Every structure is written in structure tokens, then in C-alpha cells.
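Predicted model, so just to flag it, every value in this text is computed and none were measured. Labels below follow one simple rule: chain letters A, B, ... track the order of the sequence lines, proteins then strands, and each chain is numbered from 1.
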Amino acid sequence: MSEADAPPHGAPTPVLVLCRQCIQYVFIGTTICPHCGRDSGETSARYRDGGYLALETMQCIDRAVEKQRR
Amino acid sequence: MAEPAHDDAPRRRLSLRDQIDCVPVYVVWEITLACNLKCIHCGSRAGHRRARELSTDECIDVVRQLAELGTREISIIGGEAFVRKDWLTLVRAIRDHGMDCTMQTGGYKLSRDMIEAATEAGLLGLGVSIDGLQPLHDRLRGVAGSYSEALRVLEDCKRVGLVASVNTQITATVMPQLLELMDIIIEAGARYWQVQLTVAMGNAVDHDEILLQPYELTTLMPLLADLHGKGGARGLRLLPGNNIGYFGPYDVLWRGPDRGYYGGCPAGQNAIGLEADGTLKGCPSLATERYGAGDVRETPIAELWASHPALQFNRNRGVEDLWGFCRGCYYAEVCRGGCTWTADSLLGRRGNNPYCHHRVLKLAEQGLRERIVKIEDAPALPFATGRFALVEEPIPVGAVQA
């Protein structure tokens, strides 16, 4: 198959998650949030009470399902 | 030229597979450039039909080809789409090929009978452009009475049972009117409200006084956040257009986390724009001169999609073509300079977008702001661009910083 015949291929968007402290996006795996300087994995009251934990769980499930499909 | 309605439709949401396989999930199709309005911000300078617009048979063949490529939604636009006599045939053809069909309109002279006929043909949603309260809207749209007609169309959609959304161009003077406008469109039956910044293209370059200055995002974004909350409580979902961004403190309200975050411009990777004469582009709004990828009459869409360079720029794109502030931004790898149309039209080159809330806030931390100044007019052609200079300056003493 020549390059011209190859199916189109694109890069997926890098994965971001919300900092559990300041609720701004950070790259997955980030420990110290570049926005607020705190531990982005430590759950703040704002994050918990805003329902973000449940949404984060759903996102994890979505990503796992997608990965499985590939 | 308008952005599509109800952007949160599940079928339009991109999966990992869509991104990697470059499925053209969403197509915006200008089916004619003829228009019954005279908008002073119109990027395509719509008015008269193009010299060689596709015939009905050619359009139906386009529909077939797009369905084969995996397209899930086609939004028909103009000019004014319903000015074309066979528009209902095209709506029906799109639905018959298993794709969703929506339409964007100025609403002027779109009768209730026509809305009923479109619904019967399978139209799933109608986006109506309303750019402010009556005096501002009628001035921007260039036709007296166009505001009341647009509201009448919303009311008719409610009666007919067709999902209606409103698209609003954010211009320099509309901000103080947005709260009142929201009340009016809720009352008229709108379910979605898509806002987007007016872009420096076509007629908007001729009337550059209507363009928002980048630093005004410090006022706009908190306002949109407030409207998002107030509208949501009353059943109106505020949706950001592709040039409302990026990664500022309010993005999580309208883009995530349940709906994902801004993942970069989808032009040419998961979106297609098609001009009425058969010119294919990665996005309907991009400058034809730089982004036109050939004529669908001469080359099958699949072939253009697979190999034409004008459609490739977002696929596997890194940060190499970013410049200015965007090049060094924390989000560069994800955002890639935001909306290509906005940046490219303004500065003649993609990859550096001053209309970014994150950027505006970062500059403000240093006491700086950016404004645009026109240095070159746009030719009298559809999707023509001029040239603007970007001026970085100290924030004037006393300037309001939200």
C-alpha cells in the first residue's frame, strides 16, 4: 500500500484531568498543580461537594471502554 | 455563516477511534451562497449564489459519499440554506442516508409552513442567528425586521416541535445586552444557545470596529459563566463555539468534565466544510485561498480526505507550527492554538490565538494586555482575510480587570 492509499491517521487528544484542588485542567499524572501549586491528587471539599469525583469516575470508565475497543 | 446547533449532541462527540481514524464525523455544508440578509460581519460575504453551485444530483452524490466516510451529522448553512429550492430534498437525502441533519438560518422569511415541511423531511434541529436586541441585531444583519422574524421562527419551532437553538455573534457592543437577550430567547423557546466571537474575516474586516478586543475576554468570560448558570436553571444550555476558550477558570462549566475539554481544532481531522460550488475544506469558515482542498466534482471526497495537504494540518499535529504566546503555553500540546479560523484570519497564520482567556489572564498577571489593529483590508471575495497587528501593551491604569 502506498502512502497515498493508506487510511488517514490522526493523533488523539492528550488526556487532561482536573486538579482536585483548584479544578483547572492538568495533564494526567501531574502531582503538583502548575496553577495552584498544591497536590492535584488530594481531594478538596470543593471538588468532592461539586460532584467532580463521580464525573471523574465516569471518565475513567469511558477511557477504559475506549481502550478496550481499540 | 454560522456555527451549528446543539453542540452536545451525543453523535457528534468524538471517540478515540474517531480521532485516530480521522472519521469526518461532522460536516458543515454551505448549500448556497445566496442570502436574503446583508450581515456586516459575514465572513463569506454571502448575498449572491456562487457561479457554479452543485446541482441536486451532485449534492445527493456528496451525501452518499459522506455517509460512506462515516459522517454522522450534516449541518446545512448558507448564505441562507432555504433560499435554495431543493433544500428539503437535501434534508431528506441526508436522513435517508442515516445521518443527522440540522440547519443554521437567519430566519428571515422562513415561514411556519417551511419549518413544518423541514421537520417532516427529517430536520432535527434549527439554529437561528440572533446577535443582540432589535436595534443591534437589525444593524448587524443589515435588514430591518430581521430580529422580529428570527424570534418568530423560534416561536414557530416551539409550536411545530422542532428543537431550536440560537447562535449569537459576540461583537464589541453586545455584552450589556446578553442577559436580556437570554430572557427573550428562553421565552421564545430556545433550548440551546451557542455563542461565538465574531472573526476578522470578510465583511467583518470592513467593519473592524465591531470586533471584540482580546483583553475584553476578562469581562466576557465571567459574564458567560453567569449566563451559563442562570440559563441552565431555566432549561437553556449555553454552548461555547470553537473560538470561546481556552482552559480558563470557567471552561469546566461548559466543556467539562462530563463533556470533555477543548481538544484542539478538529478541522480536517473530524470535521469537513463544503462550499456550494463543491470546494472541500477542513472547516467551513477557513479561508478558501489557503485551505481549499479541491473540487468534489473532480475528485472523490474519500480521495481528497485521505491525501489532500490542505486537510492534513491537524492530523498528528504537534506544537511545531505554534508561535507567539501559544508556543510556550502549558496547554500547547492539547489546544494547539485554538480555533484555526480565528487565528489564521486575524494574523494570516495559524498557531497563535490572542482570543484565549487563559492567555489573557496570564498576561494580566504581568500587567499586560493585547489588542488588535487592522493594517490591511480584505479583498471583496468570500472568506477573504485582511491583516491585523497584535499590540502588546501595559494595562492602562484604571482599566477594569474582572
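Pairing each heavy atom of A/Gly10 with each of B/Cys22, the nearest pair is N-SG, 3.3 Å. Closest approach of B/Arg315 to A/Pro8, counting heavy atoms only: NH1-CB, 3.5 Å.
Contacts from residues 28-45 of chain A to chain B, taken as heavy-atom pairs separated by less than 4.5 Å, involve A/Thr30, A/Pro34, A/His35 in sequence order.
Side chain of B/Gln19 to backbone of A/Thr13: a donor-acceptor contact under 3.5 angstrom is found. When atom types are taken as modelled, the side chain of B/Asn316 and the backbone of A/His9 share a donor-acceptor pair closer than 3.5 angstrom. Proximity of a side-chain donor or acceptor of A/Tyr25 to a complementary backbone N or O of B/Phe247 within less than 3.5 Å is not detected.
With sequence neighbours excluded, no residue forms a side-chain hydrogen bond (donor to acceptor under 3.5 Å, both in side chains) with B/Glu333. Listed by chain and residue number, B/Cys265, B/Cys283, B/Leu286, B/Phe313, B/Asn314 satisfy the side chain to side chain contact (heavy atoms under 4.5 Å, CB included) test with B/Ala267 (two or more places apart in sequence, or in another chain).
The candidate from B/Trp305, B/Tyr330, B/Tyr331 with the greatest count of non-hydrogen atom pairs under 4.5 Å with chain A is B/Tyr330.
No side-chain heavy atom of B/Tyr261 sits under 4.5 Å from any side-chain heavy atom of A/Leu18.
For a residue to count as touching a neighbouring chain, one of its non-hydrogen atoms must lie under 4.5 Å from one of that chain's; by this rule A/Val17 does not touch chain B.
Residue pairs meeting the salt bridge (charged side-chain N to carboxylate O under 4.0 Å, His left out) criterion with at least one member in residues 12-27 of chain A, sequence neighbours excluded: A/Arg20-A/Glu56.
In this structure, CD1 in A/Ile23 is found 13.5 Å from CG in B/Asp251, a value given to the nearest 0.5 Å.
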